[in-house]
Chemist: 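First, the structure itself, so that you have it in front of you.
Here is how names work: the chains are called A, B, and so on, in the same order as the sequence lines, proteins then strands, and each is numbered from 1.
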2 protein chains.
Amino acid sequence: MSAVNVTDTREADDVVTSATDAAVNTISNAVSSAAQSYHHGDLRTALLNAAAKRLSEHGVDSLSLRKLAEDAGVSRTAPYHHFKDKSALLSAIAAKGFSDWHSTAKRIFEQEDKTPSARFREFVCEYVGYAAANPEMYELMFGRTIWQNNAATGDLKDVAFPCFQFQVTMTKFWQNKGLLPDNQDALRLAQVTWGTLHGIARLLIDGIYADSSHIQEMCDCAADLFMQASNKV
Amino acid sequence: MSAVNVTDTREADDVVTSATDAAVNTISNAVSSAAQSYHHGDLRTALLNAAAKRLSEHGVDSLSLRKLAEDAGVSRTAPYHHFKDKSALLSAIAAKGFSDWHSTAKRIFEQEDKTPSARFREFVCEYVGYAAANPEMYELMFGRTIWQNNAATGDLKDVAFPCFQFQVTMTKFWQNKGLLPDNQDALRLAQVTWGTLHGIARLLIDGIYADSSHIQEMCDCAADLFMQASNKV
DNA sequence: ACTTTATCTTGACACCGTCAACATAGCCTT
DNA sequence: AAGGCTATGTTGACGGTGTCAAGATAAAGT
């Protein structure tokens, strides 16, 4: 009865292919661990992958748990065994984004062969460029969807805060190198410089009074502005 | 049959108060023009008022057409006779926000009795202060909800663009007064300075690595930064 | 072998935006 | 004044959403 029941519930409308599917499963199980038996095998990552795909292709707004479940070939409520709710799933995606960005930032910052000034300029461009190139991911990472009401998961904070903190570290370095004014508190200055990049990114992403064809000019202008401010009178 | 039908559909469960309601209507009609007859009288503004209230109290996310309709004492689909869709209603609210902000900005900018420097500093504080004091309205005005996919109404653009343009006008003025570096293109500089304010505002509103207790310090830091940049070497 | 536990399933509920079809009432024309 | 036009209201219905509850299944531990 049990075997019949499985076929009934999952493939009642397609008995022919079920045998084939089973065979494929055996192979793909060994290779990619993507099972199609009653228990999925690695639904969590399957959901995250599907979400990342949908996110970049159709935007954060059209991300529904039900669609993701369908993508993963699983019933609507299955995701709830891996994520507390939708917000938790979004947080998990954003966490990966922060992790990636943190690496990128570090890589740029630690290029010993380039002058601090060049690295600073590159960082500005890369930041805005990343946002413009991955608008939906940026929106998710730095948008209210996740952060409002302190809805962020503990896991997310664990990844995001070091990322924020790094901004302060870099700011201090640039202050020491004379690229940024050292008559300002490092934390405030970090908030303001980051705010500038964040603001430009958001204006670009949301299409408010800024066009992607002007990214380079805007970044240059911002970098000039900051570095000019450090040239004492 | 018609009178009976009205009572049936609208107050079938409360025949007792219907007479009282009618009496009240006669009065309130003369005074506040808020009718409760079959035709509401001024549903459009009633909806906008209800929306503004809900917006500030419960946030943009919990704004549903159905709730607004209920607030206005009207059926779910009635709003569709006044707004094409939900987005149009949100645009209308945002339009009022832009109109208000534009006035505020002008008022600050045109204070002849204060020095340009003082006005600049005040503008920075007022901008961020407005955002922090009206987070939901700010989110609506400058958030992706309205602007993404070029979904903004023509009416909205008509109000918002002059508001954006004013930012450039002010920037030029401050450049002329030597408060902002004049070796930068006014449009770019306006985008960057505005971006800074926008970014700070968003970080504050979304609660990302910035706390409302530091608003003043952050504004001062930003203003210092910009004005320092104009002091040539 | 038995039980526990993790995982997945269907069913159900309360929302939501929106369309279609119909009802009402105020206004305009004749 | 009578009759129709149009603006504005109404209910009904559809497909979509997140989420809970209760039951089915399989794997893992005893």
Chemist: Heavy atoms under 4.0 Å, any strand shown: does A:Lys84 hit a base, just sugar-phosphate, or nothing?
Modeler: nothing
Chemist: Given C:dC8, D:dG9, C:dG17, which nucleotide is nearest the side-chain atoms of B:His81?
Modeler: D:dG9
Chemist: Just how far, in rounded Å, is C1' of D:dT10 from CD of B:Glu70?
Modeler: 15 Å
Chemist: Are B:Phe98 and B:Phe161 near enough that their ring centres are under 6.0 Å apart?
Modeler: no
Chemist: Can you measure A:Tyr80 atom OH to C:dT10 atom C1' for me and round it to whole angstrom units?
Modeler: 15 Å
Chemist: Could you state the NZ-C1' distance from A:Lys67 to D:dG18, rounded to the nearest angstrom?
Modeler: 13 Å
Chemist: Between the opening five pairs and the closing five pairs of the helix from C:dA1-D:dT30 to C:dT30-D:dA1, how far apart are the helix axes, to 10°?
Modeler: 0°
Chemist: Base, sugar-phosphate, or nothing: which does B:Ser64 touch, judged by heavy atoms less than 4.0 Å apart?
Modeler: sugar-phosphate
Chemist: Rounded to the nearest angstrom, tell me the gap between atom CZ in B:Phe83 and atom C1' in D:dA7.
Modeler: 15 Å
Chemist: Side chains of A:Trp194 and B:Tyr209: donor-acceptor distance under 3.5 Å anywhere?
Modeler: no
Chemist: B:Lys67 and B:Asp71: salt bridge (Lys or Arg N to Asp or Glu O under 4.0 Å), yes or no, with the steps?
Modeler: CA-CA 6 Å; B:Lys67 281 182 197 156; B:Asp71 286 354; over 6 Å; no
Chemist: Considering only heavy atoms and no angle criterion, is a donor-acceptor pair shorter than 3.5 Å present between the side chain of A:Arg66 and the base of D:dG16?
Modeler: no
Chemist: For B:Arg76 and B:Glu70, run salt bridge (Lys or Arg N to Asp or Glu O under 4.0 Å): C-alpha distance rounded to whole Å, both residues' side-chain angles, the deciding distance at 0.1 Å, then the answer.
Modeler: CA-CA 7 Å; B:Arg76 344 174 207 104; B:Glu70 194 176 3; over 6 Å; no
Chemist: Just by modelled atom types, is the B:Ser87 backbone N or O under 3.5 Å from a matching donor or acceptor in the B:Asp85 side chain?
Modeler: yes
Chemist: Using only modelled atom types and a 3.5 angstrom limit, is any donor from either the side chain of A:Arg76 or the base of D:dG16 paired with an acceptor on the other?
Modeler: no
Chemist: Quick test of your reading of the model: are B:Glu122 and B:Arg107 salt-bridged, counting only N-O distances below 4.0 Å?
Modeler: no
Chemist: When the distance from CG of A:Asp42 to P of C:dA6 is rounded to whole Å, what number comes out?
Modeler: 17 Å
Chemist: Tell me if the centroids of the rings in B:Trp101 and B:Tyr127 come within less than 6.0 Å of each other.
Modeler: yes
Chemist: Looking only at side-chain atoms of A:Leu65, point me to the closest of C:dT9, D:dT10, D:dT19.
Modeler: D:dT19
Chemist: Would you say the side-chain atoms of B:Glu139 and B:Asn134 include a donor-acceptor pair closer than 3.5 Å?
Modeler: no
Chemist: Passes salt bridge (Lys or Arg N to Asp or Glu O under 4.0 Å), A:Arg144 versus B:Glu136? Steps please.
Modeler: CA-CA 11 Å; A:Arg144 66 168 11 210; B:Glu136 299 296 342; 3.4 Å; yes
Chemist: Let's test your reading of the model: under 3.5 Å, does the base of C:dT18 pair with the side chain of B:Thr77 as donor and acceptor?
Modeler: no
Chemist: What's the spacing between A:Met170 CE and A:Gln165 CD if we round to 0.5 Å?
Modeler: 11.0 Å
Chemist: In whole Å, what is the span from the CG atom of B:Leu43 to the P atom of C:dT24?
Modeler: 19 Å
Chemist: So which nucleotide from D:dT19, C:dT9, D:dG9 ends up closest to the side chain of A:Asp85?
Modeler: D:dT19
Chemist: Near DNA chain D, under 4.0 Å by heavy atom, which residues of residues 46-61 of chain A?
Modeler: none
Chemist: Among D:dG18, C:dG17, D:dT11, which nucleotide has an atom closest to any side-chain atom of A:Lys86?
Modeler: D:dG18
